[in-house]
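To find a chain, count down the sequence lines: A is the first, B the second, and so on, and within it residues start at 1.
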Amino acid sequence: MEPCSHASQSNTWGMAFNMPRRSQGRTRYVLQKITGGICVMVDFSNAEDRKCFRHTASHIMAQAVKRLWPETKLAIGPAIDDGFYYDFDRDEAFSEADLKKIEEEMKKIVKEDLPLEYYELPREEARKFMEEKGEIYKVQLIDDLPDEATISFYKQGDFTDLCKGPHVESTGEIKAFKLTSIAGAYWRGDSKNKMLQRIYGTAFPDKAQLKEYLDKLEEAKKRDHNKIGRELEYFTTVDYIGQGLPIILPKGAKTIQVMQRWIEDLEASRGCELTMTPYFAKRDLYKISGHWDHYRDGMFVMGDKADQDDETKECFALRPMTCPFQYQVFLNRQRSYRDLPMRLTETSKLFRNEDSGEMHGLIRVRQFTISEGHYILRPDQLESEFKECLDLAKYVLDTVGLLEDCTFRFSQWDPANPKNKYEGTKEQWEKAQDTMGKILDDLGVKYDIGIDEAAFYGPKLDIQYKNVFGKEDTLVTIQIDMLLAEKYGMEYVDADGTKKTPYIIHRTSLGCYERTLAYLIEKYAGWLPVWMAAEQARILPISDSHIDYAYEVKDKLTKMGFRVEVDDRSEKIGKKIREATKEKVQYLLVVGDQEVADKTVAVRARFEGDMGSLPVDDFAAKLKEIVDNKVRHEV
RNA sequence: GCCAAUGUGGCUCAGGGGUAGAGCAAUUCACUCGUAAUGAAUAGGUCGUGGGUUCGAUUCCCACCAUUGGCUCCA
């Protein structure tokens, strides 16, 4: 996602000359190659080509803004996954009405069918050009380009932008576009810099594709867990309890409980030992780990601010993670190499003082629950245990159905991090990262590299997931830590009688339950797989005279371990079905005279359809099979 | 924390300087019904909170709180 304003070194845009100006087929377009008038055909179904297309759309937007408000300063305007944006510096805030104006002006520019002209300038001339135009951000961008860089520009009519390209050949190509939102964004992504105004938009070669995209977006939003999770009574929030502190309602709590029991059993079956450690501790504990120095702003520290730094006063903080607590288990007595690996797990509540603008439904909260593990290891166990952790995570994610949409990120340190984020030496970091890289490559894990995404104590494999708005967060993380054991004085006696410092893997098996529940609600549009659904079946008596039998059936199924309710209101069967369906109960058991007489239930299922009348035991057997196999359906 | 939008009964929304209205939901009554809404009646809101302007504010202004989309952050 390079900003438009970089000069470039190479390209992958092919070598064809003098291709026709308008190509055949609606998804094929002629692009202008960055090094001059060389053109090549590209395909909108190709991600790189789409970016080229939308990059031109962002230039058109910038041109429109400059026409409407010439005093506006331009920052950067790249194409992104589903569209583009441009950052502007303008005293007055853009309004929704302004977006309409900009769109109108953009339409004009498209109609003008302005060709994009490529040219290069020597550094000094480029600088002077932008300086004269008052484009202070562009001047900064030019100054930051490496010496050997080619400084290139694209001109379309009355508008010229510093840009490495490539672009489509003419503004006339951008047939369909829409500006979608306005947001604040810091210049160069640094919160110390001025906040600019970012306008997001998207563009397509024709109106039909644009409409299809916008419709799809609307459809996705209908799955928003923050909406249906509240409607379906999984959770709610209360103003006077506070941001990021959701109330998990009975349905949400049941699903989380089912998942938690499953995970804890799974962990136990894989050789983990459960611990129960305190939810808060004196600041001393966090000082050893480094959390007090690195993440104090992110912690809930108790007591007066003045006392927090007063060593003569006792000061407690809620835990933002479990690691230093679980290390005390290892430290409880002297350990031998024979004690390792020691696999400690705990389903913890964690508390993190997120910035106020960060909270989002159940995905980003201030108190959450996580099944954490800390594996304390000898060096020779690192690889196999890492594999074990990854295997566990993949098994878990696959079982709940989220794995197929996950991406893997190898999160590394950035030695140049200006905020002094990382602890440890260059050697330690390189060793940890080399080790993790080797393990990942051995396992054939396909990953992206995230520079400056590591924990302060080590590199991470982050398993990422996107919500319905396309926003990505970490679902599961597996981290190699070669620093903290030493800080806490953790040692084991090796076979040769010498003391050694162990390695530690920090890992989660199912990320945090609140976040996972959110993703599951979105993935299944509320129709959670039956094994984890709060209400697995609802019994619907046709009339009041069938209520006794309904409860008989409920009693039987409940005793078998199923979660079943009875709708005993004096309503018509149609209404009961409608409401149960809206509440996304998968199995509806209608009981009337026939069923009472036959000791059956008439089963109407969300996915299997009408299953006819079944003896209660037969239905129970089917349901058991579905639950045991953790069957899931695409929605 | 920063930029912006939003905040009217449980939900979806209308209204608007003279103390509020609809549909759904809820409650009550009648109906006892065979696969996506039976009917009638009743009740429910100091219009997010606190200040200010005004004879008078839910409506205008300010601050705060919460929600939403971004940015930054995310052990």
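- One cannot find a donor-acceptor pair under 3.5 Å joining the base of B:U67 and the side-chain atoms of A:Gln243.
- Using a 4.0 Å heavy-atom criterion, one finds that A:Ala183 contacts the bases of the nucleic acid, with or without backbone contacts as well.
- Here, B:U42 and B:G9 have their C1' atoms 15 Å apart, quoted to the whole Å.
- One can place CZ of A:Phe469 at 5 Å from P of B:G69, the figure rounded to the nearest angstrom.
- Of the possible donor and acceptor atoms, one in the side chain of A:Arg223 sits under 3.5 Å from a partner among the backbone N and O of A:Glu522.
- Distance, A:Arg198 CZ to B:C2 P: 18 Å, rounded to whole Å.
- Using a 4.5 Å heavy-atom cutoff, the side chains of A:Arg515 and A:Phe368 are not in contact.
- If you measure from atom CG of A:Leu588 to atom P of B:A37, you get 14 Å, rounded to the nearest angstrom.
- A:Lys221 comes within contact range of no nucleotide atom at all, as no heavy-atom separation falls under 4.0 Å.
- Ring geometry for A:Tyr286 against A:His291 counts as perpendicular: the plane angle is over 60°, on a 0 to 90° scale with 30° as the lower cut.
- Here the separation of B:U58 from B:U46, taken at their C1' atoms, is 10 Å to the nearest Å.
- The closest side-chain heavy-atom distance from A:Ser371 to A:Tyr513 is below 4.5 Å.
- A:Glu579 comes within 4.0 angstrom of nothing in the nucleic acid, heavy atoms only.
- Using a 4.0 Å heavy-atom criterion, one finds that A:Glu372 contacts no nucleic acid atom at all.
- Applying the 3.5 Å distance criterion, the base of B:U32 shares no donor-acceptor pair with the side chain of A:Ser545.
- Residue A:Arg604 is classed as a base contact, given a heavy-atom separation below 4.0 Å to a base.
- No N or O donor and acceptor, one from the side chain of A:Glu231 and one from the base of B:G10, sit under 3.5 Å apart.
- A donor N or O paired with an acceptor N or O is not found under 3.5 Å between the base of B:G70 and the side-chain atoms of A:Tyr186.
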